[in-house]
There are 2 protein chains.
Amino acid sequence: MNYIKHSTGFLVVRTARSMRKALDTEFAEKGITATQFMVLDALMGQGALPLSEIGRKIYLDKPAITGLADRLEKDGFVERRRSSDDRRVVKLHLTAKGETVHRELEPLVIAVDQDLTQILSADELTAMRNSLNKIWKHADGNLDA
Amino acid sequence: MNYIKHSTGFLVVRTARSMRKALDTEFAEKGITATQFMVLDALMGQGALPLSEIGRKIYLDKPAITGLADRLEKDGFVERRRSSDDRRVVKLHLTAKGETVHRELEPLVIAVDQDLTQILSADELTAMRNSLNKIWKHADGNLDA
DNA sequence: AAATAATAGTTCGCATAGAAACTATTTCCA
DNA sequence: TGGAAATAGTTTCTATGCGAACTATTATTT
């Protein structure tokens, strides 16, 4: 039995690899990765968020978020500030530069998503999104962040 | 606008992270990762395959496959053999040990997939698999392997 | 209040991932 | 046939991604 063909888990993993690669390729010009964009996006309209909360939003463990914050801070897209009410917490603040990059990349995100409407009907797309959201909600909380 | 919530691309990526983590956790006991299992699985019933063909099956670039082959060979799950008719080609052969590990892990793969039937109805699952396969087929060929 | 547990981040080590540049081989074609 | 183009893998460098162990801080318990 070959599971890469028949297992839904592996199918999702495999498909996601192609998705992320498409996004990474689009973003490369702006010197940012798809995962880094997800961090900036989580901060949009929030002002600032604790690292752990960002991790929950984009499903990444603590060490991964630390590394992402390092690189984003080095490039001036975000700023680390220790919270005053709970000094264990480090909040990530979006800088003006980070906000600008996010705005510049919006059309690319929309384009990649639009590409999907060429492959799937509106109904198929809606159904898939609903199913993925159900799985996502089910998995949420299993994260050691 | 927050795209991690609204973009289908990011939704797939995020969901896949939770899937792969679930699979990795199940496999950790046997000292193998989900991605390494995918390589063994690609070889099951094939005897041997060129590295590049394995890459196409599981959507990974050439350098990633090289690294995977290194680690799998070190652990004795596969063997590298240069092809005699085209000496550029390196074929990966599944060893008895590799076959055994694959067989031992089958129940875990089935269990993770079974878990999904608790979340989605049979129709939803079928629809999602069809959609993912369409996207997958569309993306196939964009790989630099 | 002192000891303990819980929580937020970081660090370390290892396993993916991919772009770019390289070697070795084969194919193509003028 | 001989040189250019294409192909298969590898190497190097950088960026995720996660388990385990660590520090610092806060909450809990007795």
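Naming convention: chains lettered A, B, ... in sequence-line order (proteins, then strands); numbering from 1 in each chain. Atom set for the values below is all heavy atoms of this structure, side chains included, hydrogens, waters and symmetry mates excluded. Note that this is a predicted model, so its numbers are computed, not measured.
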Separation of D:dA8 P from B:Arg81 CZ (nearest whole Å): 21 Å

d(CG, B:Leu60; C1', D:dT10) in whole Å: 16 Å

D:dT7 OP1/OP2 closer than 4.0 Å to side-chain N/O of B:Ser52: no

Minimum-distance nucleotide to A:Asp61 side chain [options: D:dG9, D:dC18, C:dA19]: D:dC18

B:Arg80 side-chain N/O to D:dA8 phosphate OP1/OP2 under 4.0 Å: no

Touch class at under 4.0 angstrom, heavy-atom based, for A:Leu68 against every strand present: sugar-phosphate

Under 4.0 angstrom between B:Thr66 side-chain N/O and D:dT10 OP1 or OP2: yes

Crowding at NZ, A:Lys97 (>12 non-hydrogen neighbours, <6.0 Å): yes

Distance, rounded to the nearest Å, where B:Asp24 contributes CG and C:dC14 contributes P: 17 Å

For atom CZ of B:Phe37 and atom P of C:dA15, their distance in whole Å: 19 Å

Between C1' of C:dG9 and CD1 of A:Ile54, the distance in whole Å: 12 Å

Listed partners of A:Asp75 passing side-chain hydrogen bond (donor to acceptor under 3.5 Å, both in side chains), at least two apart: none

Nearest to side-chain heavy atoms of B:Thr33, which nucleotide of C:dG9, C:dT7, C:dT16: C:dT16

Of the listed nucleotides C:dT25, C:dA19, D:dG9, the one nearest the side chain of A:Lys21: C:dA19

Whichever of B:Asp86 and A:Gly67 has its nearest DNA chain D nucleotide further upstream toward 5': B:Asp86

Length of the CD-P vector between B:Glu29 and D:dC18, whole Å: 19 Å

Spatial distance of atom OG (B:Ser7) from atom CE (A:Met38) [nearest 0.5 Å]: 8.0 Å

Position toward the 5' end of DNA chain C (nearest nucleotide), A:Arg82 or A:Thr25: A:Arg82

5'-most by nearest nucleotide on DNA chain D - A:Arg71 or B:Lys91: B:Lys91

Listed nucleotide nearest any side-chain atom of A:Leu51, set C:dG9, D:dG19, D:dT26: C:dG9

D:dT16 OP1/OP2 closer than 4.0 Å to side-chain N/O of A:Gln36: yes

Whole angstrom value for the distance that separates P of D:dG19 from NZ of A:Lys62: 11 Å

Charged N-O contact under 4.0 Å between B:Asp70 and B:Arg80: yes

Heavy-atom donor-acceptor pair, A:Arg87 side-chain to D:dT25 base, under 3.5 Å: no

Distance, rounded to the nearest Å, where B:Leu92 contributes CG and D:dT10 contributes C1': 14 Å

Hphob cluster co-occupancy, A:Ile32 + B:Phe10, side-chain heavy atoms under 4.5 angstrom: yes

Sugar-phosphate, base or nothing in reach of B:Arg20, heavy atoms under 4.0 Å: sugar-phosphate

Shared hydrophobic cluster, A:Val101 / A:Leu49 (ILVMFWY, side-chain heavy atoms < 4.5 Å): yes

A:Ala64 side chain, from C-beta outward: closest of D:dA15, C:dT26, D:dG17: D:dG17

Distance below 4.0 Å between B:Arg17 side-chain N/O and D:dG17 OP1 or OP2: yes

